[in-house]
Q: 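Please find one structure pasted underneath; my questions will follow.
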Amino acid sequence: MKDSTRLMNVPPVGHEYEPLVQPIYQTSLFRMPDYSTAVATEHRVHPGSYYTRWGNPTVSYLENQLSLLMRTERSLVFPSGMSAITTTLFALLTPGDLVLAADTLYGDTTRFFLEDLRKWGVRVELFDPADASTLQCCGESRPALVYYEALSNPNLKGIDLDGIQAFCRDVGALSVCDGTFVPPFMRKPDVALADIVIMSLTKYAGGHYSVFGGSISCNAALQERIWHTQSLYGAAIDPTAAWNLSQGLKTLELRLERQSRSALQVARQLQEHAAIEQVIYPMLDDYAYRHLTSRYLDHGGAVVSFVVKGGPTVVAQLLERTRVAGLSVSLGGIHTCIEHAEAMSHSMLKAMDENLLDTSGSEKPDQSLIRLSVGIEDAHDLAMDLMTALDSL
Ligand SMILES: *Cc1c(COP(=O)(O)O)cnc(C)c1O
């Protein structure tokens with residue numbers, strides 16, 4: 001045999017002792033030991049080592065970590081949060097279905113519901129997640145699915161969790177919650193947010209602004225249904241990305257505690273500044289949804305939303321004058337990010353057909369609302385940075 005042939009057949013080296021960290025199985029393919037195993041694996045659900053679009057050990061490791069933290073039977077990991085959301089909804093819905101969606105959702109999620117799902121013949125009606133009684137007045141047909149975010153973006157609106165879940169039980173609808181803003185360790189561990197909890201791992205879970213990912217956590221039956229669509233549509237995460245997210249998850253609790261402590265400190269200082277109209281943070285005394293979020297929140301998290309006095313010019317000045325807080329659109333990670341919701345993270349809402357949004361009642365952010373995501377820099381340095389920028393307006 002020639003070297004070129006033998007080189008292709010040097011077997012992978014396994015470990016003699018357990019590695020401390022899950023290895024990255026950067027391979028798209030696994031070699032089957034015999035024909036019957038190959039045939040049997042072809043028919044398995046989510047096999048961990050056959051073809052990486054169907055499963056991969058590094059991906060399985062991350063899914064196990066998530067199932068532990070989410071206290072669910074199973075989890076699935078996706079290449080992005082949006083991929084987790086769209087794949088899950090395509091897996092669960094059929095044309096003609098009715099979906100009740102919260103009136104305040106992540107910008108791209110709103111767009112997916114109001115533009116794409118409607119195009120596929122799914123009826124979408126909006127409700128106010130802080131008031132579950134608005135779920136009842138949405139027509140005569142039974143909803144297949146109720147969709148909401150545990151803490152809305154960017155208004156940090158809480159949800160009437162008990163009311164929503166009671167409604168779903170009564171009508172036999174699946175509950176699906178985007179828990180990105182309420183990751184494990186921020187949320188009370190024994191509270192289930194929904195039948196299926198979706199997360200953008202790009203935010204808190206990864207935590208270092210170095211990688212994209214998304215996940216769902218649910219029971220085994222739902223996971224199996226969604227996995228078929230995931231593998232068919234090719235929504236597979238790369239093993240190295242999954243590995244990065246696994247490492248991120250290990251420090252999630254430490255980061256969250258520090259970020260929540262700093263965020264509360266910064267929120268209180270912002271409240272006292274004359275240039276500020278309103279500060280929204282779940283652990284502030286005047287937070288409007290405390291009666292709802294005390295049910296499921298342990299920490300306030302990194303995100304502080306606030307409204308500055310004055311219009312777009314003042315907003316632009318502030319965003320360009322901070323030095324510690326960087327003008328960036330993401331949240332939850334170790335660097336402090338500041339952004340203008342209306343013009344940046346939620347600009348697609350404005351770009352969408354205004355009539356479409358107006359008639360459905362989707363809630364838009366205040367035009368001077370700024371979303372701050374507090375990182376792990378020194379809290380005093382960060383507060384000084386914001387105060388100096390506000391003073392200069
Ligand atoms: C970022 C985000 C998403 C989308 O996640 P990606 O990883 O960017 O695709 C969905 N929902 C919420 C609440 C988010 O913040």
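The residues of the chain are indexed from 1 along the displayed sequence. Given the structure is predicted, the values throughout are model-derived calculations rather than measurements. Atoms within a ligand are numbered from 1 in the order they appear, just like the ligands themselves.
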Q: Is it the case that the side chains of Q26 and T240 hold a donor-acceptor pair, with the cut-off being a distance below 3.5 Å and no angle test?
A: yes
Q: Could you name the option among V303, D178, T202 that has the heavy atom nearest to atom 13 (C) of ligand 1?
A: D178
Q: Can you tell me if D286 and Q278 form a side-chain donor-acceptor pair at under 3.5 Å?
A: no
Q: Counting only heavy atoms closer than 4.0 Å, does ligand 1 sit against the backbone of I85, its side chain, both, or neither?
A: side chain
Q: With only distance considered, is F212 within less than 3.5 Å of ligand 1 through an N or O on each side?
A: no
Q: Check the side chains of E149 and Y106 for a donor-acceptor pair under 3.5 angstrom, ignoring hydrogens and angles.
A: no
Q: Is the closest N or O pair between S200 and ligand 1 shorter than 3.5 Å?
A: yes
Q: Determine whether the side chains of D34 and T37 contain a donor N or O and an acceptor N or O closer than 3.5 Å.
A: yes
Q: Which of the atoms of ligand 1 are close to T180, meaning less than 4.0 Å from one of its heavy atoms?
A: 11 (N), 12 (C), 13 (C), 14 (C), 15 (O)
Q: Going by atom types alone, do N155 and R371 pair a side-chain donor with an acceptor below 3.5 Å?
A: no
Q: Which atoms of ligand 1 have any heavy atom of G81 under 4.0 Å away?
A: 5 (O), 6 (P), 7 (O), 9 (O)
Q: Do R290 and S294 have side-chain atoms, one donor and one acceptor, less than 3.5 Å apart?
A: no
Q: Kindly identify the option in M82, K203, M199, E149 whose heavy atom sits closest to atom 1 (C) of ligand 1.
A: K203
Q: In terms of residue, atom name and distance, what is the protein heavy atom nearest to atom 4 (C) of ligand 1?
A: Y106 CE2, 3.5 Å
